[in-house]
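This report concerns only the one structure given below.
We use all heavy atoms of the structure for the numbers below, so side chains are in, but hydrogens, waters and symmetry mates are not.
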Amino acid sequence: MTKFKPGLVTAHLLTWLLLIVVIAPLLVVILGAFLNVSFLGLASEQWAARKGDGIFNHGWFAYVFHLYGSNILFSLLLAGLSVVIGAAISLPGAYILATCRWRGLRIFEEVVLLPLSIPGIAMSIGLIEAYITFRGQWWLILCGHILYTVPLMTRVLTNSLRSFDIARLELVAQSLGAGWWHRFVFVVVPNLRHSLIVGSLLVFAVSWGEFNVSYLLNTPLHQTYPAALYATFTANSFQVSSAATTIFLALIIPILFALQWLGGDEFTHVEQSA
Amino acid sequence: MSSGGPRLFLLLPLFAVIAAFLLYPLGFLFRQSIGGTSGFDFESYKALFCDSYARAALIHSLLLSSLVAVSSTLVCLPSAWLFAHNLFPAQRVVRAIFTLPMSFSGIIMGFLTVIMLGRIGVVPQLAQKLFGHDYLSGSAYRLHGLVIAYLYFEIPRATLTLESSFRKFDRRLSLAARSLGANGWQRFSYVLLPLIWLPLLSTFAVTFSASLGSFGVALIVARRFSLLPLEIYQQIIGYGNPRLMSAMAITLVTIAFLVNYSVRLAGDRQQRVI
Amino acid sequence: GKAADKVVIQYDCIPNYANWGGVTAEYTRETGVRIPPDMKGSSAAMAALEAEKANPQADCAYYSAAIGYQASEKGLHQSYKPKGWEKIPSSLKDPGGLWWTVHTAYIGLIVNKSALKGKPVPQSFADLLKPDYKGMVVYDDPTILGTGFTYVYGINAILKGGPDMNAGFAYLKKLDANILNYAKDTVYNDVLRGEIPIWINADGNGLKMKYVDKGDIEVVIPREGTIAMPLVMAMVKNDPHPDATKPYLDWLLSDTAQKIMAESFFRPVMHVQLSAALQKEFLPESAYAKAVVLPLAEMAANADAVKERWTNEIKH
Amino acid sequence: MLETIGLRKSYGSQLAVDDFSHRFAPGKITTILGPSGSGKSTVLGMIAGLLQPDRGRVELGGRDLTSISPERRDFGMVFQHYALFPHLNVQQNVEFGLRVRRLTRKRRAERARETLQMIRIEHLADRRIREISGGEQQRVALARAIAIRPKVLLMDEPLSALDARLREELRSELLRLLRDLAITTIYVTHDQIEAMTLGHEMIILNHGQVEQAGPPDELYLRPASLFVANFLGDSNVFAAESEEVSERLRLPFATINLQPNGHNSSPNEHSSRCWAMIRPESMELVPEGEADFAATVESATFLGNRLRLQLRAAGEKVIVDVENRCAVSPSAPVYVKVKGAEVATWPR
Amino acid sequence: MLETIGLRKSYGSQLAVDDFSHRFAPGKITTILGPSGSGKSTVLGMIAGLLQPDRGRVELGGRDLTSISPERRDFGMVFQHYALFPHLNVQQNVEFGLRVRRLTRKRRAERARETLQMIRIEHLADRRIREISGGEQQRVALARAIAIRPKVLLMDEPLSALDARLREELRSELLRLLRDLAITTIYVTHDQIEAMTLGHEMIILNHGQVEQAGPPDELYLRPASLFVANFLGDSNVFAAESEEVSERLRLPFATINLQPNGHNSSPNEHSSRCWAMIRPESMELVPEGEADFAATVESATFLGNRLRLQLRAAGEKVIVDVENRCAVSPSAPVYVKVKGAEVATWPR
Ligand SMILES: Nc1ncnc2c1ncn2[C@@H]1O[C@H](COP(=O)(O)OP(=O)(O)OP(=O)(O)O)[C@@H](O)[C@H]1O
Ligand SMILES: Nc1ncnc2c1ncn2[C@@H]1O[C@H](COP(=O)(O)OP(=O)(O)OP(=O)(O)O)[C@@H](O)[C@H]1O
Ligand SMILES: [Mg+2]
Ligand SMILES: [Mg+2]
């Protein structure tokens, strides 16, 4: 209680340390995007960005948008589609997985969740090699994302379905005269509203940051933003990379915070597999 | 009691996605790895396990992943414990920050590592200014740099997995232990540990397979250090041997799967025991 | 469609290599046609083209000559003779118009002096073997990037090695001890920032760092000599946007384009008037006295063998 | 009228309910009492149609319901754990059954209102579920079930999740309500008092089989089996012998007069050995002269409205309930008279 | 001797326990009874040391325990949900407290054995926790707690998770066991019968405050407050007036003789208005002549060992318990006599 607990103190210290470790690089990057930090080395592409006078400078953002704006849009599109399609596919699926007691379904569920635990690059070259004829089709990238996000959504939904014992609610509904369709529409879906929101945010975030699966699927015309980020890391100056990264973070951070506020316990162990 | 029969068709979309984007491609890869339909053999696997280079990559991967898994599990233990018992100030914010790296693709991790721990990274330069020697300079390109990068990447996973398993632990048990006269250490070793060693294992599994798969980090920082995912990447962008590549991918998948599955089995067994 | 014609896909269009960033930006400014950056190196580009034979994604590709030659052999290109084609020296183009040079560069040592931490600037390939430079040297992975390939292939000739290439590989093996890594992507900015002290690459890139980006850079043409590296364009067979591509390829040989390339110190294949100031910044012709010119046909023929040998002997 | 004919259900190898046949008096309340695991919920599930019987059938007014799915049986159901819909407020919960029956919003609203009034919780109409207490939740669950005007009302331990005091309150309220409603009701519980006070009729289940069925007082006063005697209320059971002149019964520690009262099934012819059951309240302390037997007080426990004495008579344990103010000193001798008319016997 | 002095605990704004002072009779069982949320568990938690009181202290034999951490208090504790260690088998669970006390394996084993025997579950020794029933789990939890020979035994609603019948069984077993053990025991429950049968002494908590403490019969027969009167057992409470000659009490529907018996605190001087509490069993049906008042039967509920009559007398509801065989016909007039000696009154 009020007593001094060395273990507790060290735990706190360690956590603070971790916190710093996590934040520091991000701060450096964000600063790097706005300031003319010179001590990290010179920047190329002088011809590209109009450097503002003084230490503040937004030129890099303009440059990033100019070079990689299309990628940003494309990634947003992908994320959006992943959410919509993911929900459309996962909702009914999760409902069955959570309510049917058939033995075979347990195994199927394992398979569905597989993509969360197996290396993305394996899946991506699988897609490339198996669908070589479609190589360069942008929707192949979408497939990659779906493959990765559907299990996520499914897991969120099944978890929450199980957490509030949907079976019992369905029994009542049934005794009140609701057929399975009514039960699905009036009982299951409304109770999943919250999980759907959380799941969507999660999917959006994951899809927005996804690299392993989609990198190799990228086509010259359709590149995800992370791929563009990679390009900036290799080809552009630190300032440009920082600006690009900052743009990436600007979208991801609010989502993650939202997730913390919305997500109940049943989601914590889903996030981990994101 | 919920008559599954008529509703099973709701499962179709999910099934279709998994079959088309996961099972078929993996099957394809496997077929390719054993030399397609025409008379198959396991040459590629032999090559993978015997050919010094590929084997080195494989071993490196396993080594790195286990290293990362173990260290991340240990590093995040205290924080997870604090979170699970709501002992940390402004917990939500902190958790949110902790979850940041999760949605980063590995490449960002790589970039950050170079910025922080490169030959002229922020850390060495600060060290230079403070202690007059550029400690950690260039460590980004060595094994420990890689481990740190991956670690950064795994912090959220480890923390969340551990936290949720801590939360599942019934605190009344530790109260009971107290009332029976068990001091802190005894409570930990006699009650807590026996009940959470499995969650620890599963955390290990999660982080292990995650780092096994992610190649973004390595893509940027791994210099003289070859990893299986990197090899696969090289095989596909440069001139590679598709059979060997498929074999590598299948091997990755198999390892990741086995690790996760065996942990799951262990878990089930304990469930049955408890 | 209309929108689609507003882009041209060029494989191996690395903004910081030969100032492609500047070149494409200028073309977009003039015509509104977009040429998205593309990070593939020559070999990677060729690999991609081959994989996409069925439905090509790219319109044109930029290679170091040998790889371009090899790609033509593989039948990945279609014949096109851009405006000014006839002015290109015949040694620097395929008679059938399957590839042609846009500019040339020489392999040199790009040294970031501040990153050397006081160590002397290496003057020759031999110097690079000194333990001083342990973990400081970088050259491109020849299996992915053309410049790297040209170097790996050429070093043998510089060292007066025989057709068996043993001399070259012996050297590379020694050099391996000092290598920081074999770059899979351009490391232009790492060098500029001092992350990488020594980069064996096209001299033009180094000069650009020095004069345009004002880096503390010195470009050294090694005493043993250097390798002339023609860099070529080619039009991809059955490319998606031929109508947009041809004008672009023409434009690349125009004065404007050639001048921009020259501003990043890649020597234009066309004769263009350069400002005296710019002229001065180029290294003096004398520096390239001992430049070797490699026989493309032979190079292309041995390419795969050399890459494999490098992978087995050096990288591992 | 609701009737079950030879219902039988087994889970895997284990038989949960066997040959459950009963005619449920229309408009009356039938309570099913039994130890945990005796098959109560299973019976209810089969009647509701949520479980398929292995054998037997359920009939309503002579019509076989077997083929009719639960949602079309119009049976109201109340579960131990309320199972209210968390995403709907109280009123919406009550309206649910009407909504799926396609009633107009207006009709729904007024029906819900009057139901809530009937249960005296109209003030909760707009509350969210998690904003109301357990007792209130149970009321809402009931309202939801009766709002659809069910042909039959099925309740599975509706009160067992509440604490003792609250349970009592709700019990008496249910009593009033259910008797007013006069819906055929089947009420599963493992609380004796609940079963006896609420039920017009009572069924005692044991290991999936009906031990006895009938009005509560009959079951209590004239238990048909040892199980019922022991399970329902407290009792003393002795191995006894009825003498030839079957007016007298020889207990291990005394011989008492049995006024023939029909409660005691005549011991079978061949042997006169029988079981005798005497309720604690069927004995009284009397002056030495009038006593059937003497005993010593082992312990006296105060139960509020009465005092329970643990006596020992000739080695046998006997429990006797006496007036709560009665003053007895432990290990003192007492003299006990048995109300002969209240003894029940079975052949053994 | 265990003593609590002015214990107080609040969670945030809300006061859970206020000024809880009591001397717990050594070797005796004290039961704490109160409605849900009245602070029972909080009191127990503070005594065990698992909760820090905001104010007040706990003393054992005059020694202040405040600074002593729970694990060094040697208090045994039994929780509502057993909290058995799932990874240990029964014997290991029982041995746990001995293990952390560094007893040799041999001593541990035999101590565990004898404890299990005492509770009559030695046959379960090698079972896994999930392989034994709720009742058995509760027994194991008890064994685990007493195996350490605790100075004080604390039990928080140990039976409330069990079903009615099982609860009764275990109750009588506990009674035997605890009285044999003669450990100072504090037993929290919200079941009246449990509280009254098990407790040598009883504390009634309400809103975190002690309403009354004393032997069960005293609390039942002489409740110190309306709350106790209503909470403990069933009762009729009327607004009454005692006449000058305070031998007579005027109820809304009758005037009765009060034999002065000390139960009824004399109504205050200024006004003679008071509350009168009459237990259902303190009235009896008598021939018209001897009656205090006449009433009509509204309903009769069979409660097994007695029959409960809902009467109405001059508009007032009166509940009366009579003999279970007594035959009354609803809406018939009956004549009631009040046992004047058993009426309790408080000024109002
Ligand atoms: N889904 C099931 N699978 C297997 N066995 C079951 C299942 N449901 C019930 N049983 C078994 O059938 C028997 C009857 O169960 P049931 O729930 O009907 O008893 P109950 O009288 O309702 O018990 P309780 O009073 O605890 O609710 C029990 O032995 C139980 O173990
Ligand atoms: N951890 C807590 N945080 C906030 N309030 C609490 C906490 N524990 C108990 N309370 C409040 O303190 C009061 C007393 O709680 P306590 O659990 O002691 O009551 P109780 O008599 O044990 O109830 P029950 O019979 O339901 O166990 C209740 O109003 C409860 O809401
Ligand atoms: Mg049941
Ligand atoms: Mg409590």
What do you reckon, is [atom1] of [X] surrounded by more than 12 foreign heavy atoms closer than 6.0 Å?
X         : atom1 : result
Arg23(D)  : CZ    : no
Trp139(A) : CH2   : yes
Arg102(D) : CZ    : no

Point to revise | Region of Leu154(D) that comes under 4.5 Å of a non-hydrogen atom in chain A | key: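 Contact with chain A is absent: no heavy atom of Leu154(D) under 4.5 Å.
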Point to revise | Under 4.5 Å from any heavy atom of chain A - which part of Arg101(D) | key: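 The side chain, not the backbone.
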**Study point:** Contact winner vs chain A - Phe75(D), Tyr82(D), Phe96(D), heavy-atom pairs under 4.5 Å
**Key:**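 Among the listed options, the one with the most contacts to chain A is Phe96(D).
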Check your understanding: Which residue out of Arg73(D), Arg99(D), Met77(D), Arg72(D) racks up the most heavy-atom pairs below 4.5 Å with chain A?
Key ->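 Among Arg73(D), Arg99(D), Met77(D), Arg72(D), the one with the most close pairs to chain A is Arg99(D).
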Provide the closest heavy-atom pair for [X] versus [Y] in the form atom of the first, atom of the second, distance.
X         : Y         : result
Ala178(A) : Val100(D) : CB-CG1, 3.9 Å
Leu169(A) : Pro86(D)  : CD1-CD, 3.8 Å
His87(D)  : Phe186(A) : NE2-O, 2.8 Å

Review point. Is the closest side-chain heavy-atom distance between Arg183(A) and Glu71(D) below 4.5 Å?
Key: yes
Point to revise | Arg144(D) and Val172(A), any side-chain heavy atoms less than 4.5 Å apart | key: yes
**Study point:** Spacing of CG belonging to Leu176(A) relative to CZ belonging to Phe85(D), to within rounding of 0.5 Å
**Key:** 5.5 Å
Check your understanding: To the nearest 0.5 Å, how far apart are OG in Ser175(A) and CD1 in Ile148(D)?
Key ->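 Interatomic distance, Ser175(A) OG to Ile148(D) CD1, rounded to 0.5 Å: 6.5 Å.
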